[in-house]
Protein chains: 2
Amino acid sequence: MKLSTKGRYAITAMMELALRHKQGPVTLADISVEQSISVSYLEQLFAQLRKHGLVTGLRGPGGGYCLRRPASEISVADILRAVDESLEAVAHPVSTEAAQAEQRGESLMLWDQLSQQIYAYLDSISLAQAVTSKDGKLVAGALQRSAA
Amino acid sequence: MKLSTKGRYAITAMMELALRHKQGPVTLADISVEQSISVSYLEQLFAQLRKHGLVTGLRGPGGGYCLRRPASEISVADILRAVDESLEAVAHPVSTEAAQAEQRGESLMLWDQLSQQIYAYLDSISLAQAVTSKDGKLVAGALQRSAA
DNA sequence: CTATTCTTGACTAATTTGGTCAAGTTATAA
DNA sequence: TTATAACTTGACCAAATTAGTCAAGAATAG
């Protein structure tokens, strides 16, 4: 469990995609301007998002990125998992779940408990929800821009 | 909003305190062994936790750290705020909240929305809850150790 | 009462990790 | 074939983490 600036950037970028999906592919240059991050860094993030099947990339002029699934079917936790992936790739060849539980200090089980709670919560928030404010409207500035 | 390994260490360390508070002060050396972090780093963390009034230090033999408030009155978010404090200290002399909202790209407002949600959730989880599993018992290994 | 040991408290420096960016490469539409 | 924008790789910089030193308070042994 981890929620750093990297995760934040990924989430806000995905929010941007969710808001603009009507107007076709969104270019990284646009997001770069919007969030004042470098395109290079966005490329790194989207490489991982693409690898995890959250977005699709369209090359060439008029290209950009789109959500692969509808925004209501992508959770905030999905995005974090895609971007943070630190342990998935690393091979855990032999050790079983139980063996790991033994090895790791029991104090870490405390964290796992809590971590699971938080992740469950973040899994309950969809990208569609995140983009929508409490009273059901899109957030102010973003709405204006997407309607322009 | 930020939840990195630093925050995790602080939280698990506080959990340890919550579990052992019956046996009096907990020494940093103990926690260091338990979680395999350096004592030096723990000292840094606890310096901040103490500054924010979450723990009290008792010197001398038999000394250590205790929770200042009962575990049920300390939220997980409290701990994160204490340890992460990056912006509190930095002076925001003139700019009002509204002015900041103008300046920051509107896409960041999306994040703030979500960030508030997450923090609200973490504020709803007390240290006491975090240490207790769903069926109301203390977590396995930790319970055994605290009873030994 | 003095010495010794345990532990916080306040530093500083070294190291490792992760975040950030720059430049070059390939695919695709016009 | 030319411009656009996704891909790929490598390097740099800042923050997290470890390591270590020194002082001072507090209980205990002698």
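Chain letters run A, B, ... following the sequence lines, proteins first and then strands; every chain starts at 1.
- In this structure, Leu42(B) places its CG atom 14 Å from P of dT7(C), rounding to the nearest Å.
- At whole-Å resolution of the value, NZ in Lys6(B) and P in dA16(D) are 5 Å apart.
- Atom pair Tyr41(B):OH and dG9(C):P shows a separation of 18 Å (rounding to whole Å applied).
- Taking only side-chain nitrogens and oxygens, Ser4(B) never comes nearer than 4.0 Å to OP1 or OP2 of dA16(D).
- For dT8(C), the base has a donor-acceptor partner in the side chain of Arg59(B) [N/O atoms by modelled type, under 3.5 angstrom].
- Within a 6.0 Å radius of CZ in Arg69(A), other residues, nucleotides and ligands contribute more than 12 heavy atoms.
- The base of dG20(D) lies close enough to the side chain of Ser40(B) for a donor and an acceptor atom to sit less than 3.5 Å apart.
- Separating the OH atom of Tyr9(B) from the P atom of dA16(D) is a distance of 13 Å, rounded to the nearest angstrom.
- The base of dT18(D) sits with one of its N or O atoms less than 3.5 Å from a complementary donor or acceptor on the side chain of Gln44(B).
- Classification of the Tyr65(A)-Phe46(A) ring pair by plane angle, with boundaries at 30° and 60°, yields tilted.
- For dC7(D), one of the phosphate oxygens OP1 or OP2 lies less than 4.0 angstrom from a side-chain nitrogen or oxygen of Arg50(A).
- Residues Gly60(A) and Gly62(B) each lie close to DNA chain C; by heavy-atom proximity, the contact nearer the 5' end of the strand is made by Gly62(B).
- No salt bridge links Arg68(B) with Glu73(B); every basic N to acidic carboxylate O contact stays at or beyond 4.0 Å.
- Closest approach of Ser126(A) and Ser72(A) over heavy atoms only: CB-O, 3.6 Å.
- Distances from the side chain of Glu43(A) to the nucleotides dT5(C), dA23(C), dG9(C) place dA23(C) closest.
- Taking atom CZ of Phe46(B) as the reference point, atom C1' of dA10(C) lies 17 Å away to the nearest angstrom.
- Remark: the Ser38(B) side chain and the dA19(D) base include no donor-acceptor N/O pair separated by less than 3.5 Å.
- Leu49(B) has its CG atom 13 Å from the P atom of dA10(C), to the nearest Å.
- The CD1-P distance, from Ile37(A) to dA22(C), rounds to 13 Å in whole Å.
- Of the candidates dT20(C), dA29(C), dA5(D), dA5(D) carries the atom nearest the Thr27(A) side chain, counting heavy atoms from C-beta on.
- Taking every heavy atom of both residues into account, Gly62(B) and Pro25(B) meet most closely at O-CG, 3.6 Å.
- Using a 4.0 Å cut-off, some side-chain N or O of Tyr65(B) falls inside it from OP1 or OP2 of dG9(C).
- Rounded to an integer number of Å, the gap from Gln48(A) CD to dC7(D) P is 13 Å.
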